[in-house]
Every structure is written in C-alpha cells, then in structure tokens.
Number of protein chains: 2
Amino acid sequence: MKLTNKGRYAVMAMADLASNAKDGPISLTEISIRQNISLAYLEQIFLKLKNNKLVKSSRGANGGYVLEKPASEIKLSNIIFAVDEEVKTLNCKKNSKKGCNNKTTKCITHNLWDQLDQHINGFFEKVKLQDLTKLN
Amino acid sequence: MKLTNKGRYAVMAMADLASNAKDGPISLTEISIRQNISLAYLEQIFLKLKNNKLVKSSRGANGGYVLEKPASEIKLSNIIFAVDEEVKTLNCKKNSKKGCNNKTTKCITHNLWDQLDQHINGFFEKVKLQDLTKLN
DNA sequence: TTTAATTCCGACTAAAAGAGTAGGAATTAA
DNA sequence: TTAATTCCTACTCTTTTAGTCGGAATTAAA
Ligand code: FES
Ligand code: FES
C-alpha cells in the first residue's frame, strides 16, 4: 500500500502553485527549486495536470503555470487522478460478475477492498488544495 | 496507491482459514484450490503469518494451519503488517526533523500524508478477521 | 532580430518492486 | 516405507517507477 512519487509530486507542486501565487504565471524552474523536484519530471507531471484542466499554461519567456480554478475548488482526488494514480485495491473488475483469480464468483475479500477503496477515495474527495496551504 | 497481491492473498487465506475451520488443521493445498492461489506462493506467505503468531502449523501428513487466535481478535492490520505490506504514504522519516527530497524542513504536503496514513491504518485497525466472514 | 527562458512532447533507460517458481530438506500420519 | 505436508532459500521473469534526454515550438525582452 503506497503512493508513488508522481502523485506526491503532483500534489506538492499544486500546493506550491497555490501558496506562491503571484501576478503572472509561475515557472516550473521556480517550483523545481523550491520543492527540489527535477525540472524534466515536473514537465511530465504538468502536462497531465494541464490536460486535466487543473492548470493553465503560458509559453515562452516569463511563461509558466497558474491554477485553472481556485484552490478551494480543486480536490486532491482530481490531482491524484490526473497523474494516473488510481486508488484501487480491488483486484477484479467491479462491474463484472467474475471474481479475481479467475474465479466465477466474487472472492471472500471482495467487499473488504471495495470498502477500503471507498474509504481512501473519500479522503481524497474531502480534502481540497486549499486545505493544504492551511495545514502548514 | 495500491495494495499488492501478497497482502490481498494473506487476507484471503486468513479469511479462508477462519471460515473453513474444522477439527484438524487446514492444509495449504486446500486453500490453494479454494482460493486459486499458487501453493508455493502461499507457503511463503504462511511463513510470515506464522512468524507473526497469527497461525499455528503442524507438519507432516494431515498437517496444516490453524488460526492462533480467535478471528475476532485478529485485526487486518496484523495481517497486512505480517506480510510486509506497510501503509506508508509519507515520504520522509516521521521522527526526523528532515523532510523529503533532501530538504531540511518538512514539506508542504507532509501533514497531508501523515493524515492519510492514519486514515488508512485506522481502517485496518478497526476491521477484524471475523468481520470478513460476516461480509459474505 | 537575436537570444534566453520557457512550455511541449515523445522516446528512452536504469533501478526497484512485484509475483511467482524451483528445489530440496525436515517432519509426521498412515 | 510412503505420501503428504510444512519449512526455507534462492532464483527469475515481468512490470512499474522514477526519472533522463533531445529537441521542437513559443514568446518576452534586449
Ligand atoms: S477482489 Fe473482487 S473478487 Fe476478489
Ligand atoms: S513527506 Fe514528510 S517532508 Fe515531505
């Protein structure tokens, strides 16, 4: 049970964006320095964030990113999902009748993982980007 | 964010033990067939469960495993922990002053992951093996 | 008009983790 | 004596993670 760096970095970078907002856009170079994350890796991550409409970019010199929506409207689940981190402890297709391990019925632990997924996703749904800046 | 097969199988196998309890011990072969998990893999898992005092073994023909404690006293966290699945989304050493990414202070998301860990661990602490057999 | 800063994008790679196999030793009931 | 079983270590294949690399496109500013 773990969360990978990509998801962590995505949240970190978004939090950085939210708490260091200024007039113009913020460049990845800045974030890279402040958060100590490789620039090239950040670029990858921001592509996805952008595609998921969480940030807006402006290119060229003095370019960078800004949040597309207010921090109070961005859920952690949005961020996590954007970078392909999926909360999924279920091992089977939820809407299939089949179970995991090639079984024809749902396994003995199916409901458990289902509940766990909901538990974790609930957490990510509840927390907004804004809450993060308060936490510090 | 995912749980690995090892942890899943461990819980499955323990649930199997709990719900198929009989007079003598239950062999891994049985569990292997019922749950469709490779025998050799189960052996690995049960070594750890045994070392963590969750099951007792008897060797030789007609041997097998039984729960060491009543299913009502075994927490999921015990099982997960036994097979080295750790719920840890924090990226730094919790009791160090240092942050992740070689930073000298805790990062902007530190408290978040800390809370998430507690959220997930709380779930695993609350659920007992016995609850699983009821779920079905 | 040139330059430097920046996003954009795809491909590549090294390391780590996951998932399981393989082989054989030791034990014990029948 | 045999078959069933746990015990234990080591190995291997595959997938995922965690980036790096190279270069194109864009734009502000000198
Ligand atoms: S997890 Fe759904 S059937 Fe096993
Ligand atoms: S997770 Fe603890 S400092 Fe970043």
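For clarity, every value in this text was computed on a predicted model and none was experimentally measured. Order of the sequence lines fixes the chain letters, A, B, ..., with proteins taken first and strands second; residue numbering starts at 1 for each chain.
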Could you tell me how far apart [X] ([atom1]) and [N] ([atom2]) are, to the nearest whole angstrom?
X: A:Leu47; N: C:dG10; atom1: CG; atom2: C1'; result: 10 Å
X: B:Ile45; N: D:dT6; atom1: CD1; atom2: C1'; result: 15 Å
X: A:Ile26; N: C:dT7; atom1: CD1; atom2: C1'; result: 15 Å
X: A:Lys88; N: D:dT16; atom1: NZ; atom2: P; result: 12 Å
X: B:Phe46; N: D:dT5; atom1: CZ; atom2: P; result: 14 Å
X: B:Leu3; N: C:dG18; atom1: CG; atom2: P; result: 10 Å
X: B:Asn91; N: D:dT17; atom1: CG; atom2: P; result: 14 Å
X: A:Arg8; N: D:dA18; atom1: CZ; atom2: P; result: 7 Å

- Message: Assuming nearest nucleotide by heavy-atom distance, tell me which of A:Lys2 and A:Gly64 is located more 5' along DNA chain C.
- Response: A:Gly64
- Message: For A:Ser19, give me all partners under side-chain contact (heavy atoms from CB on, under 4.5 Å), at least two apart in sequence or on another chain.
- Response: A:Thr133, B:Ile108
- Say whether, by atom type as modelled, one donor and one acceptor occur between the side chain of B:Arg8 and the main chain of A:Trp113 under 3.5 angstrom. no
- How does DNA chain C look in dot-bracket form if you count Watson-Crick and G-U pairs under 3.5 Å, write [ ] for pairs that cross, and put | where a base pairs with another strand? ||||||||||||||||||||||||||||||
- Query: Do we see a donor-acceptor contact under 3.5 Å between the side chains of A:Asp117 and A:Asn121?
  - Reply: no
Would you say [X] places a side-chain N or O within less than 4.0 Å of OP1 or OP2 belonging to [N]?
X: A:Ser57; N: C:dC8; result: yes
X: B:Lys50; N: D:dC7; result: yes
X: A:Lys6; N: D:dA18; result: no

- Note on the structure: Going 5' to 3' through nucleotides 19-30 of chain D and flagging B where a protein heavy-atom sits under 4.0 Å of the base, S where only the sugar-phosphate is that close, and - otherwise, we get BB----BBBBS-
- State the CD1-NZ distance between A:Ile45 and A:Lys50, to the nearest 0.5 angstrom. 15.0 Å
- Task: Give one of base, sugar-phosphate or nothing for B:Tyr65, where a contact means two heavy atoms less than 4.0 Å apart.
- Result: sugar-phosphate
- Query: Are the side chains of B:Asn101 and B:Asn91 in touch, meaning some heavy atoms are under 4.5 Å apart?
  - Reply: yes
- Query: Taking all non-hydrogen atoms of both residues, which atom of A:Leu49 and which atom of A:Ala82 are closest, and how far apart?
  - Reply: CD2-CB, 4.1 Å
So, [X] and [Y], do they make that salt bridge, N to O below 4.0 Å?
X: B:Lys6; Y: B:Asp84; answer: no
X: A:Lys53; Y: A:Glu68; answer: no
X: A:Lys22; Y: A:Glu30; answer: yes

